[in-house]
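Worksheet for the structure shown next.
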Number of protein chains: 2
Amino acid sequence: MRTGVRLSIEQHLPIAGQPPPERADAARNRARILAAMRELLIERTPCAISIDDVAAAAGVGKGTIYRRFGDRGRLMQALLDEREKAFQAAVLSGAPPLGPGAGPCERLIAFLCALVDQLEDVGDLIAEVETGQQWLVSPPQRFRRLHVRVLLSDARPDLDAEAIAEALLAPLNAESYHHQRRHAGHSPERIKGALQALTTALLT
Amino acid sequence: MRTGVRLSIEQHLPIAGQPPPERADAARNRARILAAMRELLIERTPCAISIDDVAAAAGVGKGTIYRRFGDRGRLMQALLDEREKAFQAAVLSGAPPLGPGAGPCERLIAFLCALVDQLEDVGDLIAEVETGQQWLVSPPQRFRRLHVRVLLSDARPDLDAEAIAEALLAPLNAESYHHQRRHAGHSPERIKGALQALTTALLT
DNA sequence: ACAATAACCGGACCTAAGTCCGGTTAAACC
DNA sequence: GGTTTAACCGGACTTAGGTCCGGTTATTGT
C-alpha cells in the first residue's frame with residue numbers, strides 16, 4: 001500500500017494552529033503589497049494612503065489585499081511585524097532595565113517608556129493599525145498586557161494585576177497618546193513622567 | 001437719527017461667544033431630528049442607526065442633519081446633553097463624595113466611579129460620540145479633565161496633575177472601557193477597583 | 001505530460017459618512 | 001404688504017472601506 005492516499009488526507013485535514021502555507025502566487029502578491037505600501041509610506045502619511053492606492057501601486061486588485069490581510073488595520077500591522085519581533089526580544093531577553101535583570105518596578109517603567117518611544121517613532125502607523133476593534137486582541141497588544149500583568153503581580157501579588165494593567169496601558173492607545181501630544185501639547189518626557197509617577201506610587 | 005441702522009449693524013456683527021439664535025425652521029428641524037433619533041434608539045442600538053435612517057425618520061434631508069450637528073459624533077452628543085448637565089451639577093454642587101465636601105482623594109474616586117456608571121448606562125451611545133477626533137476636545141471631556149486635574153493638584157501640588165489626569169481618564173475612553181468589559185470580561189466593580197487602587201496609591 | 005480541483009485573482013458592487021450647490025423661505029426693513 | 005437678503009433646505013455627488021463572484025491558475029495525483 002502506497003502512502004499517497006494518507007498524505008493526501010493529511011494535507012486536506014486542517015492542522016490545528018498551523019494553517020497551510022500560501023500558494024506561490026499568493027505569497028508573491030503579499031510581498032508586492034507590502035513593498036508597494038512601504039514605497040507609498042516614503043512620500044505620504046499613512047492616513048493619506050487608501051487601500052485603492054496600495055492596490056494600484058502593487059498592481060493587484062483590491063480584493064487581493066483584503067484576502068491576504070483581512071482589513072486595513074492588519075495590513076498596517078504587518079508592516080510593523082519586524083519591529084514588534086525586535087521589541088519583544090528586547091523585553092524578554094534583552095539588557096535591563098527593559099529586559100530581565102532589573103526589579104519589576106524598574107522594568108515596568110522602562111517598558112512603558114519604550115512604548116512611548118515606539119509611539120513617537122511610528123505613532124501614525126500605529127494609529128492606522130488601531131482602526132477597528134481588531135487591535136485590542138492582536139498579538140502585540142496581548143503581549144503588552146501580559147507583560148505588564150506579570151510585572152505587576154510580581155511586585156505586588158495583592159493587587160488585581162489584570163485590571164490595573166488595562167488602566168496603565170490605556171493612555172498608550174494611539175488615539176489617547178495623540179491627544180496628549182497634539183491637543184494637550186505634552187512632551188514625550190512629560191507623558192513618561194506621569195506614567196512613572198503612577199507606577200512608582202503603585203509599586204513602592 | 002433713527003436707531004434702525006445701528007440695530008441692523010449690531011445684528012450683522014458677530015457677537016463673540018454668542019452665535020445668533022437659529023431661525024424658526026432650523027430650530028424646528030433640530031427638534032425633529034433629535035426626536036426621530038430618540039425614537040430609533042428605542043428599537044435599535046446606536047451603531048445600527050445610519051444618518052440616512054435618521055434623516056428619513058425625521059423627514060428632512062441628510063444635509064440638514066450635518067448643518068445642524070456637524071457630524072455623527074456631535075449628533076449623538078446632543079442626545080446626552082441633559083444627562084451631562086445633570087452630571088456636572090452633581091459634581092460641582094451635589095452631595096459628597098461626588099460633590100464638594102469630601103477630601104480630594106475621595107472625590108476623585110467617586111468621580112471615576114461615576115464615569116464608570118455612566119459608561120454602563122449609555123456606553124454604546126458614548127462610543128458613537130467618540131468616533132472622530134472631536135470628542136477629545138468636547139465640553140464634556142474638557143470638564144472631566146479639568147475636574148480631575150483640580151482634584152489632583154489639590155491633594156498633591158507636587159505632581160504633574162495635567163499629565164496624570166490624562167492617564168487616569170484614558171481607561172474610561174469608550175473603546176478602552178468596552179474592551180475591558182467585553183473582551184477582558186472585567187466587571188464594572190473590578191474596573192472601579194483598579195482605578196481606586198491607582199488613585200489611592202497616588203494620593204495617600 | 002495531463003486532468004481535476006481547490007485556491008486565488010481582480011474589479012464590479014454595496015454601504016455609509018460627509019460635501020456641495022441650486023432652489024426656497026423666514027426674517028428684517030421700509 | 002412688498003422687497004431684499006441671508007440663512008436654510010434637500011438630495012445628488014464624492015470618497016473610502018469592505019464584500020462578492022465569475023474567470024484563472026497553481027498544485028496534486030495519475
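Computed from a predicted structure; not experimentally measured. Naming convention: chains lettered A, B, ... in sequence-line order (proteins, then strands); numbering from 1 in each chain.
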For [X] and [N], give me the distance from atom [atom1] to atom [atom2], rounded to whole Å.
X	N	atom1	atom2	value
B/Ile51	D/dT15	CD1	P	20 Å
B/Asp71	C/dG18	CG	C1'	9 Å
A/Glu128	D/dA16	CD	C1'	12 Å
B/Phe69	D/dC9	CZ	P	11 Å
A/Met76	D/dA16	CE	P	13 Å
B/Ile33	D/dC8	CD1	C1'	12 Å
B/Ile65	D/dC8	CD1	C1'	15 Å

Side chain of [X] (C-beta onward), nearest among [options]:
X	options	value
B/Ala26	C/dA16, D/dA12, D/dC8	D/dC8
B/Tyr66	C/dG10, C/dC8, C/dA17	C/dA17
B/Lys62	D/dC9, D/dG11, D/dG17	D/dG11

**Study point:** Salt bridge flag under 4.0 Å for residues A/Glu162 and B/Arg190
**Key:**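 Salt bridge flag = yes for B/Arg190 with A/Glu162.
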Check your understanding: Less than 4.0 Å between a side-chain N and a carboxylate O, is that true for A/Glu84 and A/Arg144?
Key ->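 A salt bridge links A/Arg144 with A/Glu84.
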Which part of the nucleic acid, if any, lies within reach of [X] when heavy atoms closer than 4.0 Å are counted: base, sugar-phosphate only, or nothing?
X	value
B/Ser50	sugar-phosphate
B/Gly73	nothing
B/Arg28	nothing

Exercise for review: Using heavy atoms to find the nearest nucleotide of DNA chain D for A/Gly63 and A/Ile49 separately, return the residue whose nucleotide is more 5′.
Suggested key: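 Going by which nucleotide is closer to the 5' end, it is A/Ile49.
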**Study point:** Intermediate values then yes/no, side-chain contact (heavy atoms from CB on, under 4.5 Å), B/Cys47 and B/Asp124
**Key:** CA-CA 8 Å; B/Cys47 66; B/Asp124 46 356; over 6 Å; no
Review point. Strictly by modelled atom types, are B/Glu166 and A/Tyr177 linked by a side-chain donor-acceptor pair under 3.5 Å?
Key: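 Their side chains do not contain a donor-acceptor pair, so the 3.5 Å distance test is not met.
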Review point. Any side-chain donor paired with an acceptor under 3.5 Å for B/His147 and B/Arg142?
Key: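 Checked: B/His147/B/Arg142 side chains show no N/O donor-acceptor pair below 3.5 Å.
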Check your understanding: Does a side-chain N or O from A/Asn29 land closer than 4.0 Å to OP1 or OP2 of C/dC8, or not?
Key ->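 Answer no for this pair, as no side-chain N or O of A/Asn29 is under 4.0 Å from OP1 or OP2.
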Check your understanding: Would you say the side chain of A/Arg67 and the base of C/dG10 hold a donor-acceptor pair, judged only by whether the two atoms sit under 3.5 Å apart?
Key ->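 Yes.
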